[in-house]
Each structure stands twice: as structure tokens, then as C-alpha cells.
Amino acid sequence: MITDARVLQDEFLPPEVEHRDQEINELSRALQPIEYGESAETAFLFGPSGVGKSCIARFTLSKLREEVSTVRYEYINCWQNHSSFSVLRELLRGLGDSIEIHRQSTPKDLLLERLREYEGEHYLVILDEVDQLENMSILYELYTSQNISMILIANREEDLFIQLDERLQSRLHSSRRIMFKRYHLPELTSILSDRVRWGLEEGVIKQDQLELIADAAAGDARKAIGILRSSAWMAQESGSGTISTEIIRDSIPDTEVELRQKNRDRLTSDQQTLLSIIEEEGGVSPGTLYDLYCERVDEPKSDRMVRNYLSKMRHYNLVEAKGEKRSRVYYPS
DNA sequence: GGTCCACAGGAAAGATAGGGTC
DNA sequence: GACCCTATCTTTCCTGTGGACC
């Protein structure tokens, strides 16, 4: 049934992208100066998860490389690399810099100096989840570096810009902002049709079943492809020649659990304990949450640290906070 | 209106971990 | 092996805010 499993993976880069022509054109225009040996405009891609921001960035970059094969690039996820040091380290690795990079023994300034000294081919940096950076000053350093251009990806413009100092805000004020909206049902259905065409045998799923998946995904392409992937595997394992509606209906909650589990796996042990308490309690005040957390772990972190954890978990929609100050209650998302 | 208390979040200092140097 | 250096993690201290109570 599955002829090419890669097509059903999140990181698959399709040969053609539909329903994002305007966004691709805008990003292409921002990157166009690279074709003439100049720096590109800094481009911001904003929008909720699953609307194709990372995909469009990578797709547009691949098209650019067809024109300018020498352009170098690096994709960095700032959730995994949230310090300036680790971003610089990844950037230099991307350049294949011969400098010995050790986690604890290479001064950040030295890494920055090496990057500034870079005089090779144009270097395009994609910083995904850029709002997760602990220190935004690295953006200023990259902005002012020769031969380096940036594509910055985040969910909400206001959440990102509130973290920038005046110097960065004024520099980035005129940058190109590209807003991504959720896919409409026909668009999502069409995206799924392409994936079916590229990765599944003909006739295994009907059009109305794709619409059912698209409807359940509510504009989120990542979720829609996840449901399709889960359904295809379930059908294949059951030995069925086609994907039944029943299998799709079963896959919808499974996919939600899978996506949630992916986010959960990124949490530390203390963060997972906090999440478990919130899920068990259904809704819990900060004080009670901290008391329960202290009872459950051998070496509890400080309440301030727990607030940091909760802030991060809220950002990733694992928990929800309702009310302010003393009326604050945490709920599972 | 004044006071207390719970809470959020910024800033700075301390603790820790891991690789380098001698 | 002891010490140094540095990034990262964590704690402490602090300020501001707003609800509850008198």
C-alpha cells in the first residue's frame, strides 16, 4: 500500500508546493539579491504551526540553489539550540569551519569572530522557532555580518518583537514579513491528494475520506499528514487493500496523542512531572501545583524555576493558563 | 483606602558540568 | 590530578500587579 514512506513524513520536501504561491513569491523576492551577489532582505515567516512556514523556507531555498548553486545554508531549530553559543556553534559547523568547537571551552566571542571573518559564498541562515532564543542579540550580530542573510520563523509577530531591544526593532522594522494563514479545507484536501499520489498505491483512499481527514486537521497540514500516515500504516498492518473510514476515525485521536507525545518528549523529567500533575488535577493553582510537585520529586527545583518551566510548556500548548495573578489556574491543553 | 498575600517575571549571582592546560 | 575557563542551569532577590479581606 505504501510505496514511498518518506512522503508521509513531516520533514519531506515536496517537489511542488500548492496554495502558497504568494508566500513563495514574497520570500523569493526577499532572497533575490543573493542572485546578484548581495545580501538578502531579512525575512520573517509568521503563522501558527502546521501552515507550512518551514516547508516554504526550505522549498524556496532549494529553488534559489537551482539559480545560485554556490549559496550555503543552515537550518537551526532554536528550541534545541536556544543559546547564542549553540546557534553560533551550529552555524560554524554548517560552514565546516575547522575550528575545534568544544561545548564548554570555546569562548563565544571567538566563535563570533570566526563567523565575522567568514568571506566565502553567501550564507543563508534559517532560524526556526526563533522566539525561543534566550538572547536576541545574536540576531543583531548576524544582521550586521557580511555575506549572511536570515529567514526567521516564529508563531506570532508580537511575541517575537516584544523580546527585541530598540536597536534590533529599528533594524528589523523594514524586514519582510510574510504571514501564513491556516489552510482551507479544499487546500488541505489537495495537499493530501498530492501525498497520496506520491506515496500510496492508486485507489487506496477516496476523495471524501481525504476531506474527512482535512476537516479533522482544522487547517493544520502537519496534523492532516499525520492522520494520513497513521491511517495508511494501520491499513497496511491489517492487510487491508484500502484505507477504511473506520481506520481514519481511529487514527484521528491517535495522531493527536502522537503529536502531543512528540512535544512531551522534549520536556525534562521535572517538566513531565508538572504536566502529569496538571493532567491528573484537571485544573490546579500555581501554589498547589508547586506543593504537589515537591511531594512527587526527590529534589524539587525552586518555584522560580517551575515558573520558567510552565512558561515554556504554555508556549508549546502543553498547558493552558487561565486567569491572572492570584486567580491563575493551569489546565492541560 | 490600606494591607496582606499569591503570583509572574526580570536581573544577577551561584552552582554545575565538561573540556583544556600544565 | 588539580586547576582554569566557559556555557548552561538554577537559585535568590526583587519589583509590579491584582484579588481578598478588613
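Since the structure is predicted, the reported quantities are computational estimates derived from the model, not experimental observations.
- Rounded to a whole Å, the NZ atom of A:Lys301 is 15 Å from the C1' atom of B:dG14.
- Residue A:Arg328 is classed as a sugar-phosphate contact, given heavy-atom separations below 4.0 Å to backbone atoms only.
- The base of B:dC5 sits within donor-acceptor range of the side chain of A:Arg326, with an N or O pair under 3.5 Å.
- Rounding to whole angstrom units, NZ of residue A:Lys322 and C1' of B:dA6 are separated by 21 Å.
- For A:Phe85, whose side chain is taken as the heavy atoms from C-beta onward, the closest listed nucleotide among B:dG10, B:dA8, C:dT8 is C:dT8.
- Hydrophobic clustering, with ILVMFWY side chains joined whenever heavy atoms are under 4.5 angstrom apart, groups A:Leu64 together with A:Ile178.
- Within the structure, every side-chain polar atom (N or O) of A:Lys325 is placed at least 4.0 Å from both OP1 and OP2 of B:dA6.
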Working for salt bridge (Lys or Arg N to Asp or Glu O under 4.0 Å), residues A:Asp265 and A:Lys262 | CA-CA 5 Å; A:Asp265 289 344; A:Lys262 272 189 182 174; over 6 Å; no
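- Residues A:Tyr75 and A:Asp128 bring a donor and an acceptor atom of their side chains to less than 3.5 Å of each other.
- At the phosphate of C:dT8, OP1 or OP2 sits under 4.0 Å from a side-chain N or O atom of A:Ser83.
- Within a 6.0 Å sphere centred on CD of A:Gln22, other residues, nucleotides and ligands contribute 12 heavy atoms or fewer.
- The phosphate of C:dT10 has OP1 or OP2 within less than 4.0 Å of a side-chain N or O from A:Tyr309.
- Rounding to whole angstrom units, CD of residue A:Glu299 and C1' of C:dT11 are separated by 14 Å.
- Residue A:Glu119 places its CD atom among 12 or fewer non-hydrogen atoms of other residues, nucleotides or ligands, all under 6.0 Å distant.
- Atom CZ of A:Arg307 is separated from atom P of C:dG16 by 16 Å (rounded to the nearest Å).
- Heavy atoms of A:Tyr290 sit nowhere under 4.0 angstrom from any nucleic acid atom.
- In this structure, the CZ atom of A:Arg304 is 11 Å from the C1' atom of C:dC13, given to the nearest Å.
- For A:Ser86, the side-chain atoms get nearest to C:dT8 when compared with the rest of C:dT8, C:dC9, C:dT12.
- Rounded to whole angstrom, the span from the CG atom of A:Asp303 across to the P atom of C:dC14 amounts to 15 Å.
- Distance CE (A:Met313) to C1' (B:dA8): 16 Å, rounded to an integer number of Å.
- Rounded to an integer number of Å, the gap from CG of A:Asn308 to P of B:dC7 is 16 Å.
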